[in-house]
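This report concerns only the one structure given below.
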Amino acid sequence: MKVFINTLSCELKRTLFSPLFILSIFGYIAVTLLTLFDEGSDFQSGITSILYIYMIIRYLDFHVLYILFAGIPSTLLFCMDWEHQFIRFFVIRSTKRYYIISKIVVCFFTAVSVVLLSNILLLLILRIQYPLFNSISDVLPNGYSALPDSRGIVSYLLIKILCEAACAGFLSVTAMWLSTIIINSFVALATPMAVYYIISTASYFFHMPASLHIASLSNGLVEINQTPLLSLLYTLFIFAVPTATSGYFFAKNCARRIQNG
């Protein structure tokens with residue numbers, strides 16, 4: 001167990017302190033602020049709220065780019081190890097099993113961290129000029145309105161961000177699995193967005209219920225009995241199942257690659 005913890009710790013330090021991780025966080029923030037610049041003329045300090053701005057962000061076409069930024073430091077993990085022959089080094093120091101498990105955990109955790117940190121920093125930047133909530137014009141969705149304003153807004157924003165983070169984690173693990181089939185960095189970077197649009201298109205084509213649409217799930221629009229916590233747990237479970245499946249197939253392919261050298 002100690003060997004696994006050391007391996008996982010080494011992988012996390014290598015990823016979380018990498019330039020790609022920092023670039024992903026501030027890249028998303030920069031793109032978001034630049035895109036909002038044209039809308040900024042309509043934002044009035046003290047009147048326009050962060051809740052209103054955040055709702056606008058989520059409905060702009062560019063917002064789906066969070067999937068791309070979240071995948072930059074995570075989807076490349078296997079490709080970089082394979083191209084630079086780091087796999088042999090890690091397997092020798094630990095075991096093949098520990099290496100594979102640590103890769104899956106780090107990939108998911110890194111993508112989730114990018115989404116969480118970038119959104120939290122973005123909200124803190126906006127908080128410098130704008131209030132959190134405008135009691136005159138802002139209305140919280142059902143399930144949040146019973147909470148006090150500040151608590152309801154924070155809960156609403158946090159749940160929305162967690163749903164996005166779970167989606168990004170799933171797509172990043174899936175992309176890393178597919179990178180064991182086609183070992184190419186550019187393909188790995190493009191895979192999360194491609195998989196998102198394929199799943200989204202397939203959902204509409206097969207007339208799947210809204211509660212299973214990836215767009216609805218990632219945007220936190222799926223409501224279960226108008227209970228925010230239950231809705232969040234449902235969304236996290238729906239993303240956890242395909243994430244575990246992708247992790248399983250990654251483990252199988254990665255073990256085969258290591259064995260065949």
Side-chain angles (χ1 to χ4, degrees), residues 11-77 105-134 138 140 144 149-173 175 189 192-193 196 217-221 228 232 235-236 239:
E11 289 280 358
L12 284 172
K13 290 178 182 177
R14 176 187 165 203
T15 306
L16 298 181
F17 293 99
S18 70
L20 286 178
F21 184 75
I22 305 299
L23 175 66
S24 299
I25 293 174
F26 288 99
Y28 172 75
I29 293 174
V31 169
T32 302
L33 292 176
L34 288 173
T35 307
L36 284 172
F37 185 79
D38 292 335
E39 300 282 347
S41 58
D42 299 327
F43 296 159
Q44 301 180 37
S45 179
I47 299 177
T48 302
S49 68
I50 290 178
L51 180 63
Y52 173 76
I53 296 174
Y54 194 72
M55 286 181 174
I56 289 180
I57 291 174
R58 297 178 68 84
Y59 284 100
L60 294 176
D61 292 336
F62 85 94
H63 181 65
V64 76
L65 287 177
Y66 78 87
I67 297 171
L68 173 63
F69 284 103
I72 290 175
S74 54
T75 58
L76 297 176
L77 289 173
V105 172
V106 171
C107 178
F108 182 83
F109 181 78
T110 301
V112 168
S113 297
V114 169
V115 175
L116 290 177
L117 291 176
S118 60
N119 275 278
I120 290 172
L121 287 175
L122 177 62
L123 293 175
L124 290 175
I125 292 173
L126 293 174
R127 186 67 181 88
I128 295 173
Q129 186 170 358
Y130 302 103
L132 193 63
F133 181 75
N134 187 330
D138 291 338
L140 282 169
Y144 299 90
D149 288 347
S150 59
R151 184 179 171 188
I153 298 162
V154 172
S155 299
Y156 174 78
L157 294 175
L158 180 59
I159 287 176
K160 293 286 186 181
I161 294 171
L162 287 174
C163 289
E164 285 186 353
C167 178
F170 151 59
L171 293 172
S172 294
V173 174
L189 286 173
M193 293 286 291
Y196 176 87
L217 289 164
S218 61
N219 283 318
L221 298 177
L232 173 63
T235 300
L236 295 181
F239 280 125

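Quick caveat, the model's predicted, so the values are computed rather than measured.
One distance of note links CG of Leu236 with CZ of Phe170; it measures 14.0 Å at 0.5 Å rounding. Between the NZ atom in Lys13 and the OG atom in Ser18 there is a gap of 14.5 Å [rounded to 0.5 Å]. In this structure, CD1 in Ile53 is found 8.0 Å from CD in Gln129, a value given to the nearest 0.5 Å. A distance of 11.0 Å separates CD1 in Ile161 from OH in Tyr156, rounded to the nearest 0.5 Å. Here CZ of Phe109 is found 8.5 Å from CG of Leu116. Values are rounded to the nearest 0.5 Å. The structure places CG of Leu20 at 6.5 Å from CG of Leu76, a figure rounded to the nearest 0.5 Å.
Using a 4.5 Å heavy-atom cutoff, the side chains of Thr235 and Ile159 are not in contact. Residues Tyr66 and Asn119 have side chains not in contact (no heavy-atom distance under 4.5 Å, counting atoms from C-beta outward). Residues Tyr54 and Leu157 form a side-chain contact, since some pair of their non-hydrogen atoms from C-beta on lies under 4.5 Å apart. Leu16 is listed as a side-chain neighbour of Thr110, based on a closest heavy-atom distance under 4.5 Å. Two residues are said to be in side-chain contact when any heavy atoms from C-beta on lie closer than 4.5 Å; Ile153 and Ile50 fail this criterion.
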Checklist entry - Run the side-chain contact (heavy atoms from CB on, under 4.5 Å) check on Leu132 and Val154 step by step: do they pass? => result CA-CA 9 Å; Leu132 193 63; Val154 172; 4.3 Å; yes

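No side-chain donor-acceptor contact under 3.5 Å links Arg14 to the backbone of Phe17. Panel note: side chain Ser24, backbone Ala70; no donor-acceptor pair is recorded below 3.5 Å. No donor-acceptor pair under 3.5 Å is formed between the side chain of Thr15 and the backbone N or O of Leu12.
Residues passing the side-chain hydrogen bond (donor to acceptor under 3.5 Å, both in side chains) test with Thr75, sequence neighbours excluded: none.
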Show every donor-acceptor pair shorter than 3.5 Å between a side-chain atom in residues 162-169 and any protein atom, with sequence neighbours excluded, or say none if there are none.
| from | atom 1 | to | atom 2 | distance (Å) |
| --- | --- | --- | --- | --- |
| Glu164 | OE2 | Arg58 | NH1 | 2.7 |
| Glu164 | OE2 | His63 | NE2 | 2.3 |

